[in-house]
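For reference, the structure is listed below as structure tokens.
Note that the structure is predicted; figures quoted are calculated from it, not measured. Each ligand, and each atom within it, is numbered from 1 in the order the structure gives.
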Amino acid sequence: MSFPGSWIPRRLLRVLASGTTDGSFLQIVRANYRDKAASQSLTCYLRTPFATQFLRERSWVSFRTPESDSLLYQFPKYVSTEVENSEARDQHPMKAAKVVFVLGGPGSGKGTQCALIVEHFGFTHLSAGDLLRAEIKSGSQNGAMIQSMIKEGKIVPSEVTVKLLQKAMLSSDNDKFLIDGFPRNEENRSAFELITGIRPEFILFFECSEKEMEKRVLGRNEGRIDDNIETIKKRFKVFIDSGLPVLKHYDSLGKLRKINGDRMKEEVFESVRPLFTAFAKKD
Ligand SMILES: Nc1ncnc2c1ncn2[C@@H]1O[C@H](COP(=O)(O)OP(=O)(O)OP(=O)(O)O)[C@@H](O)[C@H]1O
Ligand SMILES: Nc1ccn([C@H]2C[C@H](O)[C@@H](COP(=O)(O)O)O2)c(=O)n1
């Protein structure tokens, strides 16, 4: 596969979405380029005009081809002036994906219930926390920053987390995703909606007492740097301060499904099951 030099003709670019996250202007542009020699179409995404330092320094496009995973490609900045085009946004390839967000405090049982949903209903489970931990392990340039945020119980900047989720979704053959531990705050929520164009089907929320969550997390024994009493207290506070506004938002849209997570896991799943049975019928 050959690439079109260092530029793509402007007429091939279409703006899919634009908006503001955390004071940063963000645009997503799609370019369709047909490589005549290889007879292949490429779809690429450009975030611009680089309001964050990361994007200011690195203008990039992510190419995805049938043969390769996404790869980064330098791109000139002048293409950033296109106007928003909602018609084009409707053609976003990820919009067809069905997403259920799975929320709850640390140790409320999100991961445990996701495993059961995957087994019974064929969803792909994407845990934002797992993706971030994998990013630390991979030795990426964001690794140290992510590690220190997780140790402090803080929320990693949305552009990092959404990019990981988007990459995982694009490389999956499935179109049904459980996104666990996301969105953790309003910035997460708006960045995801803006970048992917996806609105969740519903939000599964596990309610659980702090006493029970603390007991579970301290007993988990997976060697996580944040499963200690000091970080757990911070995570509880972040969950209340940043997570509740997200729950309120989805509640106002009638999308919040509350589950009592303070029971045995089999009992909890019996409350979860009907939601997915109904979803499967509708789908
Ligand atoms: N209903 C339950 N009763 C008792 N223990 C449970 C229950 N559900 C999960 N656990 C256990 O509690 C621990 C935390 O569960 P899990 O990892 O599923 O929570 P989580 O909400 O995904 O946590 P985190 O957000 O911290 O990743 C695990 O050791 C798990 O086996
Ligand atoms: N949307 C997210 C999800 C997770 N993180 C960070 C901060 C969390 O404390 C940590 C562990 O997540 P968990 O495995 O408990 O879901 O990962 C984040 O910053 N943003």
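In summary, Arg189 and Glu193 engage in a salt bridge, as defined by a charged side-chain N under 4.0 Å from a carboxylate O. By the 4.0 Å N-to-carboxylate-O rule, Arg235 lies close enough to Asp227 to be salt-bridged with it. The pair Asp130-Arg133 counts as a salt bridge, with a side-chain nitrogen and a carboxylate oxygen less than 4.0 angstrom apart.
The option from Glu212, Glu222, Arg220 that lies nearest to atom 24 (P) of ligand 1, judged by heavy atoms, is Arg220. Here the shortest heavy-atom distance to atom 16 (P) of ligand 1, taken over Thr112, Ile232, Asp130, belongs to Thr112. The option with the heavy atom closest to atom 2 (C) of ligand 1, from among Arg216, Met213, Glu267, is Arg216.
Of all atoms in ligand 1, listed by their number and element, those nearer than 4.0 Å to a heavy atom of Lys265 are 1 (N), 2 (C). Ligand-side atoms of ligand 1 in range of Arg235: 26 (O), range being under 4.0 angstrom from any heavy atom. Within ligand 1, counting atoms from 1 as listed, the ones closer than 4.0 Å to a heavy atom of Gly105 are 21 (O). Close contacts between ligand 1 and Met264 involve ligand atoms 1 (N) [criterion: under 4.0 Å to a heavy atom].
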Atom pairs and distances, ligand 2 N/O vs protein N/O under 3.5 Å:
unit_1: ligand 2; atom_1: 1 (N); unit_2: Gly181; atom_2: O; d: 3.1
unit_1: ligand 2; atom_1: 1 (N); unit_2: Asn188; atom_2: OD1; d: 3.0
unit_1: ligand 2; atom_1: 12 (O); unit_2: Arg184; atom_2: NH2; d: 3.2
unit_1: ligand 2; atom_1: 14 (O); unit_2: Arg133; atom_2: NH1; d: 3.2
unit_1: ligand 2; atom_1: 14 (O); unit_2: Arg133; atom_2: NH2; d: 2.9
unit_1: ligand 2; atom_1: 14 (O); unit_2: Arg224; atom_2: NH1; d: 3.4
unit_1: ligand 2; atom_1: 14 (O); unit_2: Arg224; atom_2: NH2; d: 3.4
unit_1: ligand 2; atom_1: 15 (O); unit_2: Arg184; atom_2: NH2; d: 3.3
unit_1: ligand 2; atom_1: 15 (O); unit_2: Arg224; atom_2: NH2; d: 3.1
unit_1: ligand 2; atom_1: 15 (O); unit_2: Arg235; atom_2: NH2; d: 3.4
unit_1: ligand 2; atom_1: 16 (O); unit_2: Arg184; atom_2: NH1; d: 3.0
unit_1: ligand 2; atom_1: 16 (O); unit_2: Arg184; atom_2: NH2; d: 3.2
unit_1: ligand 2; atom_1: 19 (O); unit_2: Val156; atom_2: N; d: 2.6

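Heavy-atom separations between Gly104 and ligand 1 are all 4.0 Å or longer. At least one heavy atom of Ser108 sits less than 4.0 Å from an atom of ligand 1. Taking 4.0 Å as the cut-off, Gln113 does not count as a neighbour of ligand 1 on heavy-atom distance.
Considering only residues two or more places apart in sequence or on other chains, Phe202 meets the ring-ring contact (aromatic ring centres under 6.0 Å, His included) condition with Phe276. Not counting sequence neighbours, His249 has no partner by the ring-ring contact (aromatic ring centres under 6.0 Å, His included) test.
Taking atom 1 (N) of ligand 1 as the reference point, the nearest protein heavy-atom neighbour is Arg263 O, 2.7 Å. Among all non-hydrogen protein atoms, the one lying nearest atom 19 (O) of ligand 1 is Gly109 N, 3.3 Å. The protein heavy-atom contact nearest to atom 27 (O) of ligand 1 is Arg224 NH1, 3.0 Å. In terms of protein heavy-atom proximity, atom 25 (O) of ligand 1 is nearest to Lys110 NZ, 2.7 Å. Here the protein heavy atom with the shortest distance to atom 22 (O) of ligand 1 is Gly111 N, 2.9 Å.
On a distance-only criterion, Pro106 and ligand 1 share no N/O pair closer than 3.5 Å.
In this structure, Ile179 is not a member of the same hydrophobic cluster as Phe206, with clusters built from ILVMFWY side-chain heavy atoms closer than 4.5 Å.
Closest non-hydrogen pair, Val118 versus Leu178, comes out as CG2-CD1, 4.1 Å. The two residues Thr231 and Gly153 make their nearest non-hydrogen contact at CG2-N, 3.8 Å.
Alongside Ile232, the hydrophobic cluster contains Met213, Val217, Leu218, Ile229, Phe236 (criterion: ILVMFWY side chains under 4.5 Å).
In this structure a side-chain-to-backbone donor-acceptor pair under 3.5 Å is missing from Lys137 to Gly143. Glu186 contributes no side-chain N or O that, together with a main-chain N or O of Ser242, makes up a donor-acceptor pair within less than 3.5 Å.
Taking the ring centroids of Phe177 and Phe182, they lie at or beyond the 6.0 Å cut-off. Aromatic rings from Phe101 and Phe192 are positioned such that their centres are separated by under 6.0 Å.
The side-chain tip of Lys255 does not point at the ring of Tyr250 from less than 6.0 angstrom away and within 45° of straight on.
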